[in-house]
Amino acid sequence: MARQVLPIVGAAIGGYFGGPAGAQAGYMIGSVVGNAVDPQIIKGPSIGDGVMQTSKEGVPRPIIHGTACIAGNLIDRSEIRKWKKRTKQGKGGPVNVEERMSLTFAIRICEGPIAGIRRVWEDEKLVYDVRPEPDLSAEDSARYAAKFRFFNGSEDQLPSPALEKVRGAGNVPSYRGTAYIVFDDLDVTDRRGSVPNFRFEVFEDGEVFGAITVFSAGEA
C-alpha cells in the first residue's frame with residue numbers, strides 16, 4: 001500500500017511548495033521511499049513449473065546433462081480415431097459393444113542424443129520404471145513400453161513409421177538431433193480424446209536397464 005500512496009503524497013507536498021517541478025521531485029522521492037518501505041514482490045517460478053507439458057511452436061528444446069525430469073512438447077498428433085470394442089459376456093451371453101477413441105501423437109523430449117528413459121509418468125501416475133531398484137514390476141514396465149517408440153535423437157534416425165501412417169511417407173521430419181517419443185494409436189477414451197500429460201526422467205549417458213526399444217536408422 002505504501003508503494004502506491006507515498007508517491008502521491010510526495011507529489012502533493014512538492015507541488016504545494018515548489019510547483020510542477022516540486023511535484024515531480026516529490027513523486028520521485030515518494031516512489032523511492034515507498035519501494036523501500038513496501039517493496040514490490042515479483043513471484044518467480046514455483047518448483048515443478050518447469051515440468052508442465054506444452055503444445056506450442058517455438059518452445060525451446062531442453063539440453064540434458066546427467067539425469068533430468070522433463071515434460072516435453074507435443075509436436076504432432078493425429079485426428080481422433082473411433083472404433084468399436086466388442087466384449088462377449090460369458091459363454092452364450094450377450095455381446096457388449098463399446099465405442100472407443102485413440103490417437104497417434106509425438107512428444108519432443110529434449111536435445112539428443114541421449115541414452116534413454118528411466119521413468120515415465122502419465123497424468124502424474126508412474127507407468128514405466130526401469131531403474132535398478134524400480135517401484136514397478138518389470139512386467140508392468142514392459143507392458144507399457146509396448147505402447148510407444150522412443151527415438152534417442154541420433155543424427156541418423158529416420159522418420160517415425162507411426163507418424164508416416166498418419167501424414168504419408170515423405171511428409172514426416174526425421175527430427176534428427178531431437179529425442180522424442182511416439183505413441184501409436186493410444187486408447188484415450190477415458191480422457192475423452194485428449195492427449196495425456198507426461199513427465200519423463202531421461203539420462204544423458206550410462207547403462208540402460210530396461211528393455212526399451214530405440215529406433216534409429218534403417219528401422220521401421
Hydrophobic clusters here meaning ILVMFWY residues chained together by side-chain heavy-atom distances under 4.5 Å, can you tell me if Phe203 and Leu136 are in one?
no

Spacing of Arg119 atom CZ and Arg199 atom CZ [to the nearest 0.5 Å]:
8.0 Å

For the residue pair Phe105 and Leu74, what are the closest heavy atoms and their distance?
CB-CD1, 3.9 Å

Residues Tyr180, Gln157; criterion side chain to side chain contact (heavy atoms under 4.5 Å, CB included); working and verdict
CA-CA 11 Å; Tyr180 70 105; Gln157 68 186 11; 3.6 Å; yes

I'd like to know whether Val188 forms a side chain to side chain contact (heavy atoms under 4.5 Å, CB included) with Val195, so could you lay out the CA-CA distance, the side-chain angles of the two residues, the decisive distance to 0.1 Å, and finally the verdict.
CA-CA 7 Å; Val188 290; Val195 175; over 6 Å; no

Donor-acceptor pair, side chain of Ser78 and main chain of Thr104, under 3.5 angstrom:
yes

Output the distance between atom CD (Glu99) and atom NZ (Lys84), rounded to the nearest 0.5 Å.
5.0 Å

Which class fits the ring pair Phe183 and Phe198: parallel under 30°, tilted 30 to 60°, perpendicular over 60°?
parallel

Would you please test Asn197 and Arg191 for side chain to side chain contact (heavy atoms under 4.5 Å, CB included) and show each step?
CA-CA 11 Å; Asn197 290 298; Arg191 293 185 52 84; 4.2 Å; yes

Do the charged groups of Arg131 and Asp129 touch, with an N to O distance under 4.0 Å?
yes

Any side-chain heavy atom of Ile181 within less than 4.5 Å of one from Ile117?
yes

Nearest heavy-atom approach of Ser174 to Pro159 is OG-CD, 3.4 Å

With a 3.5 Å distance limit and no angle check, can you tell me whether Arg61 reaches the backbone of Gly177 through a side-chain donor-acceptor pair?
yes

Value rounded to 0.5 Å, distance of CD1 in Ile109 from CG in Asn73
11.5 Å

For the CZ atom of Arg192 and the CD1 atom of Ile80, what is their distance to the nearest 0.5 Å?
12.0 Å

Is there a path of hydrophobic side-chain contacts, each under 4.5 Å between heavy atoms of I/L/V/M/F/W/Y residues, joining Val202 to Tyr144?
yes

Nearest non-hydrogen partners of Ala106 and Leu163, listed with the distance:
CB-CD1, 3.9 Å

Assigning hydrophobic clusters by single linkage (Ile, Leu, Val, Met, Phe, Trp, Tyr; side-chain heavy-atom cutoff under 4.5 Å), is Val127 placed with Trp121?
no

Which heavy atom of Gly170 sits nearest a heavy atom of Glu164, and at what distance?
N-OE2, 3.6 Å

Which pair of heavy atoms, one from Gly193 and one from Leu103, lies closest together, and at what distance?
O-CD1, 3.2 Å

Indicate if Ile75 and Phe151 have the same hydrophobic cluster label, given that clusters are the connected sets of ILVMFWY residues with side-chain heavy-atom separations under 4.5 angstrom.
yes

Hydrophobic cluster identity match, Leu186 and Phe148, side-chain contacts under 4.5 Å
yes

So, for Pro62 and Arg108, which heavy atoms are closest and what is the spacing to 0.1 Å?
CD-NH2, 4.1 Å

Gap between atom CD1 of Ile70 and atom CD1 of Ile64 - 0.5 Å precision:
4.0 Å

In sequence, state the C-alpha distance, the side-chain angles, and the governing distance for Lys165 and Asp184, and then conclude on side chain to side chain contact (heavy atoms under 4.5 Å, CB included).
CA-CA 10 Å; Lys165 285 193 302 182; Asp184 186 5; 3.3 Å; yes

Report the distance from atom CG of Asp185 to atom CZ of Arg81, rounding to the nearest 0.5 Å.
4.0 Å

Does the gap between the ring centers of Phe150 and Phe200 come in under 6.0 Å?
no

Listed partners of Arg100 passing side-chain contact (heavy atoms from CB on, under 4.5 Å), at least two apart:
Trp83, Lys85, Glu98, Asp187, Thr189, Asp190

